[in-house]
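Worksheet: the structure to be examined is printed underneath.
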Amino acid sequence: MRPLRILAVAVTLAVANCLPGALRAQEQQPSPESMAAAQALFALLFTHGFATLNAQAVEAAWPGIESALRTQRPNIDPATLVDLRREFERIRLARLSEVVKDIPTIYARHLNAEDMRALAAFYGTATGTKMLQAMPKVLPEAFASVLPRMQPMMAETQDSFLKLLRERGLLN
């Protein structure tokens, strides 16, 4: 029971430590200039990154969807399938757009308009364009690499911190 209380206290302290910064960030209202720069930057990133990630997700999901459709309607014609896939991708992209709609505001709270315009200009260079093309490939690979290690890392961090507390006589 005692380790659960310690964990609860640790989680409470960690969350409490994060809240003031998050609340302060929410209180800041970006200027119209910053919002315009953030929206322009994010539109560029969305078009190149999120749309590509969406297309990749559709590519991965479509065979299962098509198989289920063919099971329900064995005589479905190829043109209908092409149209349905296009609609699935459109619907998914529209939902994704809705999910990420607040990101420009977050950018505008943390970056100034000049910085965001400089980033947008960078993405217009050959290196920036290459980065935009690489990110939809890099991000899924990076997440796939990191996510399986997150839970063990959190457990190891907790164990190491509890050990430190015991060594310092702050925990029985």
Side-chain angles (χ1 to χ4, degrees), residues 4-62 85-162 164-165 170:
L4 289 177
R5 275 187 283 166
I6 293 167
L7 179 60
V9 169
V11 168
T12 302
L13 289 173
V15 168
N17 190 39
C18 294
L19 283 177
L23 292 175
R24 276 193 307 276
Q26 288 177 352
E27 292 170 2
Q28 298 171 352
Q29 290 302 317
S31 71
E33 180 186 18
S34 287
M35 278 306 302
Q39 289 167 338
L41 174 62
F42 189 71
L44 177 70
L45 296 175
F46 188 87
T47 299
H48 287 83
F50 286 90
T52 302
L53 286 171
N54 184 62
Q56 290 172 348
V58 169
E59 185 71 30
W62 187 253
R85 180 184 171 132
R86 190 175 318 124
E87 285 299 309
F88 176 66
E89 188 167 0
R90 181 193 59 76
I91 291 166
R92 196 175 184 292
L93 189 60
R95 297 295 175 256
L96 180 59
S97 181
E98 180 64 25
V99 167
V100 299
K101 71 180 181 188
D102 296 329
I103 292 176
T105 304
I106 296 167
Y107 282 2
R109 282 197 303 258
H110 296 282
L111 299 166
N112 64 42
E114 183 181 327
D115 290 337
M116 289 182 281
R117 285 191 291 269
L119 284 167
F122 164 73
Y123 287 122
T125 68
T127 301
T129 300
K130 188 172 185 177
M131 183 68 168
L132 286 173
Q133 292 168 347
M135 287 311 292
K137 298 170 189 156
V138 169
L139 288 176
E141 190 175 331
F143 285 136
S145 169
V146 170
L147 287 177
R149 295 183 277 177
M150 288 303 292
Q151 191 168 10
M153 184 272 310
M154 290 168 50
E156 291 166 9
T157 299
Q158 178 183 336
D159 291 345
S160 295
F161 188 67
L162 291 174
L164 175 75
L165 291 174
L170 298 170

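Worth saying up front: this structure is predicted, and the values here are computed from it rather than measured. Hydrogens, waters and symmetry mates play no part in the numbers below; they use all other heavy atoms, side chains included.
- Rounding to the nearest 0.5 Å places CZ of Arg109 at 13.0 Å from OG of Ser31.
- Evaluation of the salt bridge (charged side-chain N to carboxylate O under 4.0 Å, His left out) rule for Glu141 yields no partner, not counting sequence neighbours.
- With rounding to the nearest 0.5 angstrom, the CG atom of Leu162 is 11.5 Å from the CG atom of Leu170.
- Legend: residues meeting side chain to side chain donor-acceptor pair (under 3.5 Å) with Lys130, ordered by chain and number and at least two apart, are absent.
- If you take CG on Leu111 and CE on Met116, they are separated by 5.5 Å, rounding to the nearest 0.5 Å.
- Residues meeting the side-chain contact (heavy atoms from CB on, under 4.5 Å) test with Ala61, sequence neighbours left out: Ile65, Phe88.
- Rounded to the nearest 0.5 angstrom, Leu53 CG and Leu93 CG are separated by 10.5 Å.
- A salt bridge links Glu98 and Lys101; the closest N-O separation between the charged side-chain nitrogens and carboxylate oxygens is under 4.0 Å.
- Judged as a side chain to side chain donor-acceptor pair (under 3.5 Å), and not counting sequence neighbours, Arg95 has no contacts.
- Shown here are the salt bridge (charged side-chain N to carboxylate O under 4.0 Å, His left out) partners of Arg86, two or more places apart in sequence or in another chain: Asp83.
- Within a 6.0 Å radius of CE in Met35, more than 12 heavy atoms belonging to other residues, nucleotides or ligands are found.
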Under 3.5 Å, which donor-acceptor pairs link side chains of residues 120-129 to any protein atom two or more places apart or in another chain?
residue: Thr125; atom: OG1; partner: Phe122; partner atom: O; Å: 2.6
residue: Thr125; atom: OG1; partner: Gly128; partner atom: N; Å: 3.0
residue: Thr129; atom: OG1; partner: Tyr123; partner atom: O; Å: 3.3
residue: Thr129; atom: OG1; partner: Thr125; partner atom: O; Å: 2.9

Only pairs under 3.5 Å count here: list side-chain donor-acceptor contacts from residues 144-152, not counting sequence neighbours, and write none if there are none.
residue: Ser145; atom: OG; partner: Arg149; partner atom: NH2; Å: 2.5
residue: Arg149; atom: NE; partner: Ser145; partner atom: O; Å: 2.9
residue: Arg149; atom: NH2; partner: Ser145; partner atom: O; Å: 3.0

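- Taking both residues in full, the closest heavy atoms of Leu96 and Phe50 are given as CD2-O, 3.8 Å, listed atom of the first, atom of the second, then distance.
- Looking at Phe161 and Leu165, their side chains come closer than 4.5 Å, going by heavy atoms from C-beta outward.
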Show every donor-acceptor pair shorter than 3.5 Å between a side-chain atom in residues 36-44 and any protein atom, with sequence neighbours excluded, or say none if there are none.
none

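- With sequence neighbours excluded, no residue forms a side chain to side chain donor-acceptor pair (under 3.5 Å) with Thr47.
- If you take CD on Gln158 and CE on Met154, they are separated by 8.5 Å, rounding to the nearest 0.5 Å.
- Partners of Glu33 by salt bridge (charged side-chain N to carboxylate O under 4.0 Å, His left out), not counting sequence neighbours, listed by chain and number: Arg117.
- Annotation: side chain of Leu45 is in contact with side chain of Tyr107 (closest heavy-atom distance under 4.5 Å).
- At least one donor-acceptor pair closer than 3.5 Å links the side chain of Thr52 to the backbone N or O of His48.
- By the side chain to side chain donor-acceptor pair (under 3.5 Å) test, Gln56 pairs with no residue at all, sequence neighbours left out.
- Residues meeting the salt bridge (charged side-chain N to carboxylate O under 4.0 Å, His left out) test with Arg90, sequence neighbours left out: Glu87.
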